[in-house]
Amino acid sequence: MAVSAAVSDDHILTTCLAASPDIESGAFELQTYRDYPSAAIALNDALESAKTEWVVLAHQDVYFPARALTRLEEMLDGLSEDVAVVGVIGRTPLGETVGEAWSSGMSKIVGVPLSEASDAITLDEVVIIVRRASGVRFDPALPGFHLYATDIALTADEAGKRVAVVPLTVVHHSRPVISLGSDYAAAYRFLQRKWSARLPVLTMMGDIRRFPLHLARLDFRVRRASGFAQTRRAPVGDPAEIARSLGLTP
């Protein structure tokens, strides 16, 4: 199992993903990809460069608690051959959230705990694991760094492959989301066109719909939830200490 990340901030990488015990110890090698125009292009390069069956594609601000990657590898080995894409938090076709992660931006655990792997129709980008032999890849035409998990999950589904969420809690040492922004809007509209025959499309932030004002409603909901904050504050605390306080470290 390989671990890869698109990187834009080396300090965040060093204090989060690279500090994960299974990576810091050398048990799992971390490959980084910099200066790419989009997540899709960077992560496709990661998939093509890897030699392992599974590739873990994680945000640079994710921290895997001790032995988390080892346990993840064991869970992946137990999945059926038709599972192509895996995450740690996602939504089912019925819209239910499955899986969980600590969000420093929200100062809480988000999601619903699982006892075993569960099928999903969309995933959070925080951690995406792809089975290379499935042939499922990211769409290089998708702009920016948003909604690529939703897109690859739909691509897998269209190819007759399964998408799953596994019971693995990670620390997402993120800044709070205070608005969706123009980059998210560009990705939203791309998926709106690409998957028009399947609308509404489920995402972790809210559905993609034909209704022109729906994106503005989603953005307003996010801004209201943030208290209409003007700046994204830095996350508080040390990821390793957060993992220990949550009982995630054995």
Side-chain angles (χ1 to χ4, degrees), residues 1-6 17 20 22 28 39-40 43-44 46-48 50 52-59 62-65 67-103 109-139 142 146-172 191 194-195 198 200-208 248:
M1 187 178 75
V3 183
S4 299
L17 184 58
S20 301
D22 287 346
F28 292 88
L43 300 181
N44 276 343
L47 291 172
E48 296 309 315
T52 55
E53 179 182 12
W54 292 98
V55 184
V56 179
L57 307 165
H59 278 188
V62 166
Y63 178 86
F64 289 96
R67 296 199 74 253
L69 287 172
T70 301
R71 289 187 287 110
L72 175 58
E73 189 170 48
E74 293 169 354
M75 284 187 279
L76 294 174
D77 287 342
L79 296 177
S80 61
E81 289 291 330
D82 60 345
V83 176
V85 185
V86 177
V88 298
I89 184 169
R91 295 177 72 187
T92 71
L94 296 177
E96 300 166 331
T97 299
V98 288
E100 62 178 10
W102 167 267
S103 168
I109 289 274
V110 295
V112 178
L114 287 173
S115 58
E116 59 184 14
S118 172
D119 285 337
I121 193 62
T122 191
L123 300 171
D124 194 296
E125 278 85 15
V126 62
V127 177
I128 307 170
I129 309 109
V130 179
R131 190 194 297 267
R132 292 177 62 248
S134 70
V136 175
R137 297 294 185 267
F138 298 92
D139 186 343
L142 174 62
H146 296 284
L147 294 172
Y148 52 93
T150 293
D151 186 58
I152 198 172
L154 288 169
T155 298
D157 187 62
E158 287 284 299
K161 305 290 186 180
R162 288 171 57 207
V163 178
V165 172
V166 292
L168 187 81
T169 307
V170 301
V171 174
H172 187 202
L191 264 62
K194 178 178 178 179
W195 299 106
R198 293 191 57 155
V201 165
L202 294 176
T203 78
M204 297 306 295
M205 295 297 292
D207 301 348
I208 297 175
L248 302 179

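Position 1 is the first residue of the sequence; numbering continues from there.
Judged by distance alone, the side chain of Glu53 and the main-chain N or O of Ala133 form no donor-acceptor pair under 3.5 Å. Listed for the Glu125 side chain is a donor-acceptor partner under 3.5 Å among the backbone atoms of Leu147.
Separating the OG1 atom in Thr155 from the CZ atom in Phe138 is a distance of 9.5 Å, to the nearest 0.5 Å. Taking CD from Glu81 and NZ from Lys161, the interatomic distance works out to 8.5 Å, rounded to the nearest 0.5 Å. Atom CD1 of residue Ile208 and atom CG of residue Leu154 lie 8.0 Å apart, to the nearest 0.5 angstrom. For the atom pair CD1 (Ile121) and CG (Leu94), the distance works out to 10.5 Å, reported to the nearest 0.5 Å. Between the CZ atom in Arg132 and the CG atom in Leu47 there is a gap of 7.5 Å [rounded to 0.5 Å].
Counting heavy atoms from C-beta outward, Met204 and Thr122 have side chains that approach closer than 4.5 Å. Arg198 is listed as a side-chain neighbour of Glu158, based on a closest heavy-atom distance under 4.5 Å. Proximity of Trp195 to Asp151: side-chain heavy atoms (C-beta onward) are separated by under 4.5 Å at one or more points. Within the 4.5 Å cutoff, no side-chain heavy atoms of Val163 are placed close to those of Ile152. Between Val56 and Phe64, the closest side-chain pair of non-hydrogen atoms falls below 4.5 Å.
Nearest heavy-atom pair, Trp102 versus Thr169, reported as atom, atom and distance to 0.1 Å: N-CG2, 4.4 Å. The two residues Ile89 and Ala101 have their closest heavy-atom pair at CD1-N, 4.5 Å. Nearest heavy-atom pair, Leu248 versus Pro65, reported as atom, atom and distance to 0.1 Å: O-CB, 3.6 Å. Of all the heavy atoms in Leu123 and Val165, the pair that sits closest is CD2-CG2, 3.6 Å. Across every non-hydrogen atom of Trp54 and Ala84, the tightest pair is CZ3-O, 4.0 Å. What you find for Ala164 and Val83 is that their closest heavy atoms are CB-CG1, 4.1 Å.
With sequence neighbours left out, the side-chain hydrogen bond (donor to acceptor under 3.5 Å, both in side chains) criterion links Arg137 to Glu48. For Asn44, there are no side-chain hydrogen bond (donor to acceptor under 3.5 Å, both in side chains) partners, not counting sequence neighbours. Not a single side-chain hydrogen bond (donor to acceptor under 3.5 Å, both in side chains) links Thr203 to another residue, sequence neighbours left out. In this structure, Ser103 has no side-chain hydrogen bond (donor to acceptor under 3.5 Å, both in side chains) partners at least two apart in sequence or on a different chain.
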N/O donor to acceptor pairs below 3.5 angstrom from side-chain atoms of residues 72-79, sequence neighbours left out:
from: Glu73; atom 1: OE2; to: Met1; atom 2: N; distance (Å): 3.4

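Residues Asp22 and Ser20 have side chains that never bring a donor and an acceptor to within less than 3.5 angstrom of each other.
The side-chain contact (heavy atoms from CB on, under 4.5 Å) test with Tyr148 singles out one residue from Leu57, Leu142, Asp139, and that residue is Leu142.
For residues 86-100, the set of pairs meeting the salt bridge (charged side-chain N to carboxylate O under 4.0 Å, His left out) definition, not counting sequence neighbours, comprises Arg91-Asp207.
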